[in-house]
Amino acid sequence: MIYNIAIDGPAGAGKSTIARRVARELSFVYVDTGAMYRAMALYLLRREVNREAPDEIAGACQDAEISIEYRDGEQVVLLNGENVNPYLRTEEVGNMASVSSANPEVRKKLLDLQRKLAGTMNVVMDGRDIGTTILPNADVKIYLTASAHTRAKRRYLELTEKGTACDLSQIQKDIEERDQRDMNREISPLKKAEDAVLVDSSDMSIDQVVKSILQIYRDKVVKSEKESGQ
Ligand code: DC
């Protein structure tokens, strides 16, 4: 029996931290789909593709082969064979990913890879459209969110801790713009699946969020296994 947990939500809601922890607790594999979109965005930035030109994006993305490997339990994203993990977490790449991920050709290229991963192993997969489009039959669906201000503050602290100079109000503006784009695009917009559980982490610690998701998983999956005598 293969189990899938889908975690969707807006930028900065803490999805990757939470999903990684939940996966570790359950010995599942963590699949970060945002990193795949970021790798595609990196490719487009390197090729200096015009982000305002959907046709250029659709054409250029055909030459980018994205694949995934796991090294020491960590997801490594390969872009045409190169490990691009070190280049994915910049604001420039994140903003480009938010634009290019609205392109149907980009989404088509990554959909199969994501479904295949979830079909072969127990995964906690995070993204924007996992519960709605990629894994509509996921065993557990979580919609993880927090206020834009909370998300901006978390990002600001993360960057300043790394020694990166940044401006809180600019970060909040970027986050709000990304929310707008991710929620209003035509294809696979970010939205809560009807059967997803809403978790608002604005006033919750990471531990509390992880605990509540594990509880949701146990309530749903472990109970139904007991009932069916597995
Ligand atoms: O989660 P993230 O910040 O790494 O995602 C980067 C961008 O990729 C985000 O703005 C929207 C897009 N994305 C998406 O469209 N679908 C997903 N499943 C994951 C990410």
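Just so it is clear, the structure is predicted and the values come from calculations on it, not from any experiment. Ligands are counted one by one from 1 in listed order, and the atoms in each one are counted from 1 as well.
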Quiz item: Under the ring-ring contact (aromatic ring centres under 6.0 Å, His included) rule, what pairs show up with a residue in residues 169-226, not counting sequence neighbours?
Solution: F28-Y217
Quiz item: Mind checking whether R107 and S101 have side chains closer than 4.5 Å, heavy atoms only?
Solution: yes
Quiz prompt | ring-ring contact (aromatic ring centres under 6.0 Å, His included) contacts touching residues 40-96 (sequence neighbours left out) | solution = none
Exercise. Could I get the full list of side chain to side chain donor-acceptor pair (under 3.5 Å) partners for Q170, not counting sequence neighbours?
Key: D174
Quiz item: Between R154 and T17, do the side chains contain an N or O donor and an N or O acceptor separated by less than 3.5 Å?
Solution: no
Practice problem: Could you tell me whether E48 atom CD has more than 12 heavy atoms of other residues or ligands within 6.0 Å of it? | Solution: no
Quiz item: Can you pull the residues with any heavy atom under 4.0 Å from ligand 1?
Solution: T33, G34, Y37, R38, R89, A97, S98, S101, R107, G127, R128, D129, I130, R178, D182, R185
